[in-house]
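Just so we're clear, the structure is a prediction, and the values are computed from it rather than from any experiment. Scope of the values below: all heavy atoms of this structure, side chains included, with no hydrogens, waters or symmetry mates.
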Amino acid sequence: MVAPSSPVQPALRVRVPAGTTAGAALREGGVPTSGPAAVVVARDAQGVLRDLSWVPDRDTEVEAVAANSPDGRSVIRHSCAHVLAQAVQQHFPGTKLGIGPPVTDGFYYDFDVERPFTPEDLADLEKAMRKIIKSGQRFSRRVLGSVSEAKRELADEPYKLELIDIKGPGSNAGLNPDEVMEVGAGELTMYDNVHPHTGDIIWSDLCRGPHVPTTRHIPAFRLMRTAAAYWRGNEQNSQLQRIYGTAWESTEALERHLELLADAQRRDHRRLGAELDLFSFPDEIGSGLPVFHPRGGTVRRVMEDYSRRRHEEAGYEFVNSPHITKAQLFEMSGHLDWYADSMFPPMHLDEELAQDGTVRKPGQDYYLKPMNCPFHNLIYRSRGRSYRELPLRLFEFGSVYRYEKSGVVHGLTRARGFTQDDAHIYCTPDQLQGEIRSLLTFVLDLLRDFGLDDFYLELSTRNDEKYVGSDEQWEQATDALRQAAEASGLELVLDPGGAAFYAPKISVQAKDALGRTWQLSTIQVDLQEPELFELEYTASDGSRQRPYMIHRALFGSIERFFGILTEHYAGAFPAWLAPVQVVGIPIADEHIEHLQQVAKALRARGIRVEVDTSDERMQKKIRTHTTQKVPFLLLAGNKDVEAGAVSFRFRDGSQVNGVAVEDAVSAITGWVARRENRSPSAAELPIGES
RNA sequence: GCCGGCGUAGCUCAACUGGCAGAGCAACCGCCUUGUAAGCGGUAGGUUCGGGGUUCGAGUCCCCGCGUCGGCUCCA
């Protein structure tokens, strides 16, 4: 999710004389103190964010941090989290506090509470928070003298005590500083919420700050949802109740954010899948196992056909492998050692028992395959290989099954059965670098063809707890990927420890129409499996050599990519992918015949076209097929029939009337053949040009 | 897997504290013959996710299972 754009003001810097508050100096300097650009905190000369009440002990310069800046929003959100915690402890006495940091687009706070929160609780808490905000409590920073003093004050807050302990002298070992706002480097501080008139301390929390000056500087917020979360993110720890909220510099910004969420909901592929009759998840089949309906099947087939063609052109060879295998294969590949938990449990076959019930013949375990690579390795080693054959690129639309935990299954993007556009490239060490580079180009080109064009790369390196192979191998493989990634010129983000047990990887992250990023293609250099499978080729000098192996999936999974595209286009697929590309709508029955002729001409040129001959009125048909997101509607009435023409109506409501049939046909076929990803409209379609 | 919410017709949703399961859309059958986002009328459609329990009586309350949604953890 991206923050709604806001005008970026040049940061205002002012000089703060010793003994003066940063806030006073900034006010003096004329920075806005109300509205969306109001100053909420100051950035000191070292770049550290400070409360406006901060008083430097010598003259210094500070910069105003506005409410509508990324840092400003984080501070507002963090302060809002404090208000939430105060409201919770008022409403539910005895509740223990976890942590409450700002996160992307909002904040959360974790609580150890008697019973989980209900939706009604959220409504009550929001009300209580509004009251607190309106009362204008001051956020007041107080430095604690010592660890023991802190522990005395926080004796009733076991989680905070734990944080103080973990912090230890001068280190934040094991804590993510972005998440744990409670303790900072150097000193322990409390933030007191102080009554604006009486000066009484109403509520306090261990916190490194900074905060907005008063609760009134939280202009707009909303509590979003409740959830459970493990303390310090560890499954072994107790589960706390988390409340998520969002907060913004203005009501308008909040509204924009909520609208964005609503848009995402409207684009949800699970919803569109049902509305557009693309696919479903029948309960009878099981969680995470989709069926594709004819319309979804068409889109999918077009995606696959196009991908096949591109792969063929790029020198791939097509292979096939079965969905199940004896355990032996995944023992050899190491998958059973590492990933047995996320594989479907084995089918035990061919066991024979004697009369007395003892095992006469032990039988075999068969597994559904979670990956295709071991099969491709077997194809590789089915005969002797020569260096002349390399690089050998084996491609398969391979269906795999993974036993995803029940809580993580999510539509098409996280399914238990899905089809990878999987390939394994076997090459010589000399070919590795060139192969990765051309692969990266190939991948990005193909993604662009589907209308995704905003990318960055992520390099996932070895997880030191979970890997096989030698340091040298990992270094070599990682370097090869890094070099290729750097050569691509795309932004490269590091993901330390994110690799699979057998290989480092580059993943292509793509942004969709709403600015959300999705991990799509992955490229992995694997030096382990060729060894495990004892893969070899004969080099030009007659020696036996071990090939390098590259794993790559481009869409990742067809189903997942389908889901992402559905959301990216909000169901309005580009015409070349649309399940139904053209619908003919007669004004009256007597115009059906004319449209049938047009449809015939289109169909002859490979266009997916239907004529709506139902009893409905023309207006209703337009509505129906517009909501079905058909890119081209062709209407015909008396005028059109007499002129040998049709009238275009597009998804956006624009129209071009009285187009000669021949021109209409070539305009549509041209648009589809060019694989235009834009939605056709009167302004976009070059009618009459061929 | 864990915590919480939800599950009523193909879809979206009603049914006050337990008291005769209902509407719109879709489907089907008619009428209307139409120029750019819903013409009119009718018919049919249900073991209220499944199983067990409490009760004179359960869509509603309790237990178990399945599915789903939001998180956490996970994601080769």
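Backbone-only engagement by A/Ala229 is indicated by non-hydrogen atom pairs under 4.0 Å involving sugar-phosphate atoms exclusively. A/Gly233 comes within 4.0 angstrom of the backbone, heavy atoms only, and of no base. Nucleic acid contact class of A/Phe281 (heavy atoms, under 4.0 Å, all strands): none. Nucleic acid contact class of A/Ala588 (heavy atoms, under 4.0 Å, all strands): base. Nucleic acid contact class of A/Asp589 (heavy atoms, under 4.0 Å, all strands): base. Residue A/Glu275 is classed as having no contact, given no heavy-atom separation below 4.0 Å to the nucleic acid. Residue-level contact check: A/His551 touches neither bases nor backbone, having no heavy atom under 4.0 Å from any strand. Among the heavy atoms of the strands, none lies under 4.0 Å from A/Thr118. Here A/Tyr339 lies in heavy-atom contact (under 4.0 Å) with a base. Among the atoms of the strands shown, base atoms are found under 4.0 Å from some heavy atom of A/Ser647. Nucleic acid contact for A/Ser287: sugar-phosphate only, since backbone atoms but no base atoms lie under 4.0 Å from a heavy atom of the residue. If you check every strand for non-hydrogen atoms under 4.0 Å, A/Arg649 touches a base. Here A/Asp615 lies in heavy-atom contact (under 4.0 Å) with a base. Counting any heavy atom pair closer than 4.0 Å across all strands shown, A/Lys639 reaches a base atom.
Comparing the C1' positions of B/rG45 and B/rC69 gives a spacing of 28 Å, expressed to the nearest Å. Comparing B/rA15 with B/rA21, their P atoms sit 16 Å apart, to the nearest whole Å. Annotation: B/rU8 and B/rG67 have their P atoms spaced 16 Å apart (nearest Å). As rounded to the nearest Å, B/rG24 and B/rC20 have C1' atoms that lie 23 Å from one another. One P atom belongs to B/rC49, the other to B/rA58, and the distance between them is 15 Å to the nearest Å. Using P as the reference atom, B/rC64 and B/rG1 are 15 Å apart when rounded to the nearest Å. B/rU43 and B/rU55 have their C1' atoms separated by 38 Å, with the value rounded to a whole Å. B/rU12 and B/rC74 are spaced 33 Å apart, taking the P atom of each and rounding to whole Å.
Note that A/Arg416 lies outside the cation-pi zone of A/Tyr401, set by a 6.0 Å cut-off to the ring centre and a 45° limit from the axis.
Checking B/rU34 for Watson-Crick or G-U wobble geometry (two distances, each under 3.5 Å) identifies no partner in any strand. With a cut-off of 3.5 Å on both pairing distances, the Watson-Crick or G-U wobble partner of B/rG4 is B/rC69. Base pairing of B/rC20 is not made with any nucleotide, judged by Watson-Crick or G-U wobble geometry with both donor-acceptor distances under 3.5 Å. The partner of B/rC28 is B/rG42, by the rule that a Watson-Crick or G-U pair needs both atom distances under 3.5 Å. Pair assignment for B/rU55: none, as no Watson-Crick or G-U wobble contacts are both less than 3.5 Å.
By the 4.0 Å N-to-carboxylate-O rule, A/Lys96 lies too far from A/Glu162 to be salt-bridged with it. By the 4.0 Å N-to-carboxylate-O rule, A/Asp471 lies close enough to A/Arg462 to be salt-bridged with it. The pair A/Glu567-A/Arg271 fails the salt-bridge criterion, with no side-chain N (NZ, NE, NH1 or NH2) lying under 4.0 Å from an Asp/Glu carboxylate O.
In this structure, the CD atom of A/Gln236 is 11 Å from the C1' atom of B/rG1, given to the nearest Å. For A/Ile585 and B/rA38, the CD1 to P distance is 12 Å, given to the nearest whole Å. Atom C1' of nucleotide B/rG70 and atom CZ of A/Arg414 are separated by 15 Å, given to the nearest angstrom. One can place CH2 of A/Trp231 at 17 Å from C1' of B/rC3, the figure rounded to the nearest angstrom. Rounded to whole Å, the distance from CD1 on A/Ile285 to P on B/rU68 is 11 Å.
In this model, no side-chain donor or acceptor of A/Arg560 finds a partner on the base of B/rC75 within 3.5 Å. No hydrogens or angles were tested; on distance alone, a donor-acceptor pair under 3.5 Å links the side chain of A/Lys405 to the base of B/rU73. Applying the 3.5 Å distance criterion, the base of B/rG1 shares a donor-acceptor pair with the side chain of A/Tyr230. A/Arg617 contributes no side-chain N or O that forms a donor-acceptor pair with the base of B/rA37 under 3.5 Å. With hydrogens and angles ignored, no donor-acceptor pair under 3.5 angstrom links the side chain of A/Thr226 to the base of B/rG70. Between the side chain of A/Asp640 and the base of B/rG35, a donor-acceptor pair under 3.5 Å is found. A donor-acceptor contact under 3.5 Å links the side chain of A/Gln239 to the base of B/rC2. With hydrogens and angles ignored, a donor-acceptor pair closer than 3.5 Å exists between the side chain of A/Ser342 and the base of B/rA76. Not a single donor-acceptor pair, N or O on each side, falls under 3.5 Å between the base of B/rU36 and the side chain of A/Gln619.
Although no hydrogens or angles enter the test, the distance criterion places no donor-acceptor pair under 3.5 Å between the side chain of A/Asp365 and the main chain of A/Ala327.
When the side-chain nitrogen and oxygen atoms of A/Lys620 are compared with OP1 and OP2 of B/rA26, one or more of them lie within a distance under 4.0 Å. Listed pair A/Ser406 / B/rG1 meets the phosphate criterion, a side-chain N or O lying under 4.0 Å from OP1 or OP2.
Distance from the side chain of A/Ala227 is smallest for B/rG71 among the nucleotides B/rA37, B/rU36, B/rG71. Closest to the side chain of A/Gln524, from the set B/rC75, B/rA76, B/rG39, is B/rA76. The side chain of A/Tyr403 has B/rG1 as its nearest neighbour among B/rG4, B/rG35, B/rG1. Checking B/rC69, B/rA37, B/rG35 against the side-chain heavy atoms of A/Thr627 singles out B/rA37 as nearest. Comparing atom distances between the A/Asn657 side chain and each of B/rG71, B/rU36, B/rC74 picks out B/rU36 as nearest. Closest to the side chain of A/Ala228, from the set B/rC3, B/rC74, B/rA26, is B/rC3.
Between A/Phe292 and A/Phe562, a ring centre-to-centre spacing shorter than 6.0 Å is recorded. When ring centroids are compared, A/Phe117 and A/Phe92 come within the 6.0 Å threshold. When ring centroids are compared, A/His551 and A/Tyr502 come within the 6.0 Å threshold.
Note: A/His269 and A/Phe279 have tilted aromatic rings, judged against thresholds of 30 and 60 degrees for the angle between ring planes.
When each of A/Glu616 and A/Pro119 is assigned the nucleotide of RNA chain B bearing its nearest heavy atom, the one mapping closer to the 5' terminus is A/Pro119.
For A/Tyr426 against A/Cys373, the heavy-atom pair with the smallest separation is OH-O, 4.4 Å.
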